[in-house]
Amino acid sequence: MSTQPLTLAAVNRMDEEAFVTSFGDIAEHSPWVAELAGRVRPYPDRDAMVAAFATAVRQAGVEAQRALLLAHPDLAGRAAIANELAPESRNEQASAGLDRMTADEYARFSDMNARYRARHGIPFILAVKGATKQQILDAFEARVDNDPAEEFATALSQVERIIRFRLEDRVAS
């Protein structure tokens with residue numbers, strides 16, 4: 001991944017393979033999102049690119065959406081402890097302090113992850129960029145008892161926020 005954001009002109013010039021290579025990891029372990037989003041190029045601006053990725057997620061079937069949600073790691077979960085997170089997930093979780101937790105905080109996150117998965121069948125998904133541990137825990141508490149269909153929709157909207165943040169980091173405005 002380049003540290004210098006790509007220009008929109010460079011993005012629009014990419015062939016399909018280069019586009020998917022560059023953006024296939026934007027949606028967690030789901031390159032199909034980039035494949036679909038790339039088909040509507042050229043993008044007039046970065047917001048149109050973000051919208052194309054969001055549309056790809058929204059228009060996918062429920063099973064593809066569920067697979068996308070299930071590809072996300074638990075916040076401060078087993079993958080984080082084992083250092084198995086994708087680089088952007090690791091950076092996002094670290095920015096929220098999830099890589100520096102006390103034993104009590106870790107136990108609370110583990111409990112919330114388990115409760116959420118048991119009720120909803122998907123991991124708790126929150127765009128954590130700019131959030132604190134306490135804000136994340138508050139969101140867990142606010143959402144854990146929601147209706148599963150409502151949470152499925154909320155999780156998809158959070159995936160769209162994550163995608164936006166990641167594209168904003170990679171593509172110049």
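Predicted model, so just to flag it, every value in this text is computed and none were measured.
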Straight-line distance of [X] [atom1] to [Y] [atom2], nearest 0.5 Å:
X      : Y      : atom1 : atom2 : value
Ile162 : Leu126 : CD1   : CG    : 7.5 Å
Gln93  : Met101 : CD    : CE    : 8.5 Å
Ile163 : Glu28  : CD1   : CD    : 10.0 Å
Asp147 : His120 : CG    : NE2   : 8.0 Å
Leu156 : Arg161 : CG    : CZ    : 14.0 Å
Met112 : Phe124 : CE    : CZ    : 7.5 Å

Measure the shortest side-chain to side-chain distance between [X] and [Y] over non-hydrogen atoms and say whether it is less than 4.5 angstrom.
X     : Y      : result
Leu70 : Ile122 : yes
Met49 : Val11  : yes
Phe23 : Arg170 : yes

Cationic N near anionic O, under 4.0 Å, Arg166 to Asp25: no
With Tyr43 via ring pair (Phe, Tyr, Trp, His ring centres under 6.0 Å) - residues at least two apart: none
Any residue meeting side-chain hydrogen bond (donor to acceptor under 3.5 Å, both in side chains) with Glu151, in chain and number order, not counting sequence neighbours: Tyr116, Arg143, Asn146
Contacts table for residues 52-61: side-chain donor-acceptor under 3.5 angstrom, sequence neighbours left out:
residue : atom : partner : partner atom : Å
Thr55   : OG1  : Ala51   : O            : 2.9
Arg58   : NE   : Glu160  : OE2          : 3.2
Arg58   : NH2  : Glu160  : OE1          : 3.0

Criterion side-chain contact (heavy atoms from CB on, under 4.5 Å) on Thr21 and Met14, from CA distance to verdict: CA-CA 10 Å; Thr21 297; Met14 290 177 176; over 6 Å; no
Non-neighbouring partners of Ser95 that pass side-chain contact (heavy atoms from CB on, under 4.5 Å), sequence neighbours left out: none
If you look at every heavy atom in [X] and [Y], which pair is closest and at what distance?
X      : Y      : answer
Arg117 : Asp74  : NE-OD1, 3.0 Å
Ser30  : Ala71  : OG-CB, 4.3 Å
Phe165 : Ala127 : CE1-CB, 3.7 Å
Asp15  : Ala18  : OD1-N, 2.7 Å
Pro123 : Pro73  : CB-O, 4.4 Å

Pairs where residues 29-55 contributes a residue and the test salt bridge (charged side-chain N to carboxylate O under 4.0 Å, His left out) is met, not counting sequence neighbours: Asp47-Arg164
Pairs flagged by side chain to side chain donor-acceptor pair (under 3.5 Å) wherever residues 126-139 is involved - sequence neighbours left out: Glu105-Lys133, Lys129-Asp169, Thr132-Gln135, Gln134-Asp138
Criterion side-chain contact (heavy atoms from CB on, under 4.5 Å) on Leu75 and Leu98, from CA distance to verdict: CA-CA 8 Å; Leu75 293 175; Leu98 301 185; 4.0 Å; yes
Expected output: side-chain Asn113 to main-chain Phe109 donor-acceptor under 3.5 Å: yes
Donor-acceptor pair, side chain of Arg115 and main chain of Val144, under 3.5 angstrom: no
